[in-house]
Amino acid sequence: MRGPGAGPRVGPGGGISPPQAAKDLRATLRQLVGRLRPEWGAIVASVLLAATGIALVVIAPRIIGTATNVIFNGVLGKTLPAGLTKAQAVAYLRAHGEGQVAQLVSGSGVVPGKGIDLTRLGELLGVVALLYLVGAVFSWMQGFIMAGVAQRTVQRMRRDVEDKLSRLPLRYFDSHPHGDVLSRVTNDIDNITTTIQQGLSQLLTSLLTIIGVLAMMLLLSPVLAVISLITVPLSMGVTLLVARRSQVQFGAQWQRTGSVNSLVEQTHTGHALVQVYGRSRKVMEDFEKENQGLYEPSFRAQFLSGIIQPAMLFLANLNYVAIAALGGYWVVSGSMTLGDIQAFIQYSRQFTNPITQIASQMNMLQSGLASAERVFEFLGSEEEAPDLAQSVVAPAPIGHVLLDHVYFSYQPDRPLIEGFTLEVEPGQTVAIVGPTGAGKTTVVNLLMRFYEIDSGHIYLDGVDSQQLTREEVRSRFGMVLQDTWLFAGSILDNIAYGKVGADPEDVLRAAQAAFVDQFVRTLPEGYETLLDGDASNISSGQRQLLTIARAFLADPAILILDEATSNVDTRTEVLIQEAMARLRHGRTSFVIAHRLSTIRNADSIVVMDQGRIIEQGSHPQLMERRGFYYDLYQSQFTAALDVAS
Amino acid sequence: MALIRMMRERLARYRGPVALVVVLTALQTAVGLYLPNLTANIINDGIAKGNISYIWDTGGLMLGLTLVQGVVAVVAVFWASRISMGVGRDLRDAIFRRVLLFSAREMNHFGTPSLITRNTNDVQQIQLFLQMALTIMVGAPIMMVGGIIMALTEDATLSLLLVVAVPLMAIVVGTMLFVAVPQFQAMQVKIDRINQVLREQITGVRVIRAFVRSGYETDRFAVANANLTHTGLRVNRIFVLAFPTLMGIMNLTSVAVLWFGGGLIGRGQMPIGNMTAFLAYILQILMSVLMAVMMVILVPRAEASAERVNAVIATVPAIASPPDPASPPASSGRIELRNVGFAYPGGEHPVLEGLSFELMPGQTSAIIGGTGVGKTTLLGLIMRSFDVTSGGLLVDGVDVREWALDDLWAQIGLVPQQAYLFSGTVGDNLRFGRDGASDAELWHALEVAQASDFVAAMGGQLEATIDQGGTNVSGGQRQRLSIARALVKQPRIYLFDDCFSALDAATDARLRAALKAETRQSSVVIVAQRVSTILSAEQIIVLDGGRVVGSGTHAELLTSCTAYREIVASQLGEEAAA
């Protein structure tokens, strides 16, 4: 029976994920083995237990064979007159024309006249029972230890992955789709868990069983063993032949599943469009075609992979008949005992089992290795440069910021910010404006050292931010973004996130300042209200207020605010504006601005378009220049004023 | 049980093949059960009597039967695959067909991602289950009953051992399932938790670093990680106990067969070959018990999937065409609301209440208000995504509930909030509402939608490929293509749901000017968040708290409507509202 894995996985035939293979099998395997190193002791113990347990279970049929002989000899012995020696009995049988039975008797341990030796039978069976019992206990202990090995190994891997997440540069998250990163750290890890948990134990037992059984078979009868071995390449050949064909069909099935899925996805996502634009019938026709297209290869894949089982059974039976017939002939001719044949038949049955098992494990192993490769690739990605060792003593934060000839680009061949210089006195406000998608967050990225500047300097309170640790830099800033990030936890925890070791009074004060307190008090659980995964149980405006409260609690010298207005009802919008204004009071702020009042009263305005800083100055200065800002301001803001006045 | 009900319905089409599979499986099992009998004969009549030619003859017979068994098995698998994959296909068809009829209420109820999962993963689970059921499960009871009968014919006394072994195995398996299944569920919860933390760490990476809380996150993760490991260990340790136990029971049973069988043989009550055959039967019976158990593990998952699939298929859409729809006069596109109210089922407060106004052809009417005041819902009422819960909504003087849905929809050009394009070419997307539109008409629509420049610049122009959802063009381009798609349809009613948001101000202005000329014959309804988008509308309707709190032009509303002034002030500054 298969042990449970971590995630929902379906083997070949059902298939949730398409068959995939690791690109560099050997390197991945080496790394995976390296990950098992801390468990060497347990693994060795497990191997020893497995080897002993299997040896015990493998010996048992041999003894059962002897027990069968005891019974058989008893049956034969009883038919012969008592008092004769074996030689006499053989002669006696020959004389009665029973030549073949005579031969049978001469090859066995028959004592004429004596029935079944129950004492001996009892002894033998007692030993067998003991072997099976001890074998079962060993096999259990082995599994027990291996479960620990697998779980601990994966726990460590998960820990390393999480650790890695905190050391990757922001660039990594911005350049890889979140879904892909998430899939590596979740689905792939789950897949590896399943592979290690099931694969390791089963591979080990299967291999050891094959070795043990083969040894016993050779010991019993080399000729029969060779005959049995013939079926091995035969069954492998059949499996490979069929598997190659079914693999092609499975591939086609995946491809077709993909097109059906994408049709379903589009139709459901654009449901209203499909209906209103009168496409239902056409879409249904398309779907029927795709659906039938999926059915054909699915059926062929299922059928082909379903053939393997009967084919294997046929080969196993072929083998069985060959052994029974040939062995029977040998027993009659006296060169082998009945018990030996019996034992041999049992062995040959045990022999084919692990072989098919290994074959079926290979699929799982392959997909596990592909996952491992993706995880190792993730673990091997480039990390943030470490902070400078001899960091200077950070001065007390007052909120002075100086950007001095800053150069930056996301891609080397596309310079974005060239020689940007800006001095911000404590308490001043910088507005960052520009059309949607103009790259307004770039400045935020550089100030917070989410990205490193290419050249130039950013001074915080007179110290080059490169000289400070990233943590020191970031702890000077408070940030309220449009994308309100809250985690699954209580409202209290989410606000308290702003400051390590904040006490409840601090949190309450911050909540009051950010108008959070009023709405939290209306919730039945108050501050202990649990926000679910995507915090959908409070409105987006309230989420915004929570993040403002968090920034209040952090009490930073410098603020980064995103003044977005979308998706918030009018009343909450007023609260947010008021809270942001309070928060800005007495702090240096960088505001991604959308409001006329903020922009016009800003001490400095940074105008961005297509990722670049194109203009910079105060509102009057920029208006006088009649450049991009002038146009933007005219088209976006004054139209409203004209109509109004 | 949903699974059984579903199988009964879905397999009706495949009654013949299913019967065939059962017969073939029974045949295959019968042969399998007869083989040990032949082994017994080889021993009893061949080996024990030294009859070599009997051994060869019987061996030949066994080989022949084995071949028959193999062929029968292959034919059975053929039909099993046809049935299971066919049922999968039928289920996908049924789900898809049903969802096409759904109204917005059912779509919201299930949610698009869930519907996709139901049509793909859940159906896959069910067809996999059916495949296993037809190949393994059908065989198991036949094997078990047959095995018991054969064992009884070999020796009734020895068969008593089965009375001990089978219930013992059942108890082991039952206990294991009883203990393991809740643990399994617990483990899934812990896996979800780990994934949640990781998801939060990835999406919130900026916030975490801004607040310097990586350490806190690591601790949070470590707890979740330790919890999962703990549960994972427990589950797996239950499972590693099961296999040796079951194998142990099987092995010890065969030891008991030898012991008691030896006694029977010694007393001459049983020929020796029967014991060998008996051992083979016992093995087969116990294996079939094991297989049945493996299937039991598959059942809960397939059952859950069947329930989820059934829920979709059994859902009757809340909105459908009336049995005898009214035939409306030549369409003008006039929309009239008479005291319209709308509440979601079970919703305490109505979303919309007492709305009465008219939207006239040739006029642009704008609807504005904060989030959640029901602007999009109002559009949904016009195109019958939802039905009014009080009052009436008339298009061309006929209540929308009396229109045939297809006729009503033919009047409407919808541009949704999320501009969505389908995979295909630009041309395919534009012709979505009118297959016969000429290239010239498409280009004209693109001109109006301010999209001709970038489409002309795309390699292939109208033949340029669009990815699913339109992800290979920018948000602004997507919105403009989605507007052009509505224009190609030349409808009487345009519904623009806040679809100018990704356009820069200049493009927005040009587009609205061009639209004005193009839509002179139609009613235009614009839902907007941005005041600047609707300044020039003939009629602005301000919604607040589900009611109309003002209607008129921008200038009129500035003086008459406080809510409108607040909105203007918050977006454009106090000066604009003054």
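Every chain is numbered from 1, with letters handed out A, B, ... down the list of sequences.
Looking at Leu67(B), the atoms closer than 4.5 Å to chain A (heavy atoms on both sides) sit in the backbone and in the side chain alike. At a 4.5 Å heavy-atom cutoff, the contact between Ser423(B) and chain A is made by backbone and side-chain atoms alike. With a threshold of 4.5 angstrom between heavy atoms, Ala226(B) approaches chain A through its backbone and through its side chain. Within the 4.5 angstrom heavy-atom criterion, only side-chain atoms of Met107(B), from C-beta onward, approach chain A. Proximity to chain A is absent for every atom of Ser385(B), based on heavy atoms less than 4.5 angstrom apart. Proximity to chain A involves both the backbone and the side chain of Thr229(B), based on heavy atoms less than 4.5 angstrom apart. With a 4.5 angstrom heavy-atom cutoff, Met132(B) does not touch chain A via any of its atoms. Heavy atoms of Leu405(B) lying under 4.5 Å from chain A are absent altogether.
A cation-pi arrangement, defined by a distance under 6.0 Å to the six-membered ring centre and an angle within 45 degrees of its axis, is present between Arg220(B) and Phe487(A). The cationic atom of Arg82(B) (NZ for Lys, CZ for Arg) does not lie both less than 6.0 Å from the six-membered ring centre of Phe303(A) and within 45° of the ring axis. A cation-pi geometry, defined here as NZ or CZ lying under 6.0 Å from the six-membered ring centre and within 45° of its normal, holds between Arg485(B) and Tyr277(A).
Contact record, Ser280(A) with Leu100(B): O-CD1, 3.7 Å, taken as the closest heavy-atom pair. In this structure, Ser298(A) and Met85(B) approach most closely via the heavy-atom pair CB-SD, 3.6 Å. In terms of heavy-atom proximity, Ala210(B) sits nearest to Met479(A) at CB-CE, 3.6 Å.
The distance from the CG atom of Asn195(B) to the CG atom of Asp190(A) is 6.0 Å, given to the nearest 0.5 Å. To the nearest 0.5 Å, atoms OG (Ser254(B)) and OH (Tyr132(A)) are separated by 5.0 Å. One distance of note links CG of Asn119(B) with CD of Glu265(A); it measures 11.5 Å at 0.5 Å rounding. In this structure, Phe211(B) CZ and Thr547(A) OG1 are separated by 8.0 Å, a value rounded to the nearest 0.5 Å. Atom-to-atom distance recorded for Ile64(A):CD1 and Asn251(B):CG is 7.5 Å, nearest 0.5 angstrom.
Not counting sequence neighbours, the partners of His268(A) by the ring-ring contact (aromatic ring centres under 6.0 Å, His included) test are Phe96(B). Every residue meeting the salt bridge (Lys or Arg N to Asp or Glu O under 4.0 Å) condition with Arg206(B), not counting sequence neighbours, appears here in chain and number order: Asp174(A).
Neither side chain, Asn291(A) nor Arg89(B), offers a donor N or O lying under 3.5 Å from an acceptor on the other.
The pair Arg97(B)-Glu288(A) meets the salt-bridge criterion, since a charged nitrogen lies less than 4.0 angstrom from a carboxylate oxygen.
Side chain of Glu162(A) to main chain of Phe221(B): no donor-acceptor pair is present (N/O by atom type, distance under 3.5 Å, no hydrogens or angles).
Within 6.0 Å of CZ on Arg199(B) lie no more than 12 heavy atoms contributed by other residues, nucleotides or ligands.
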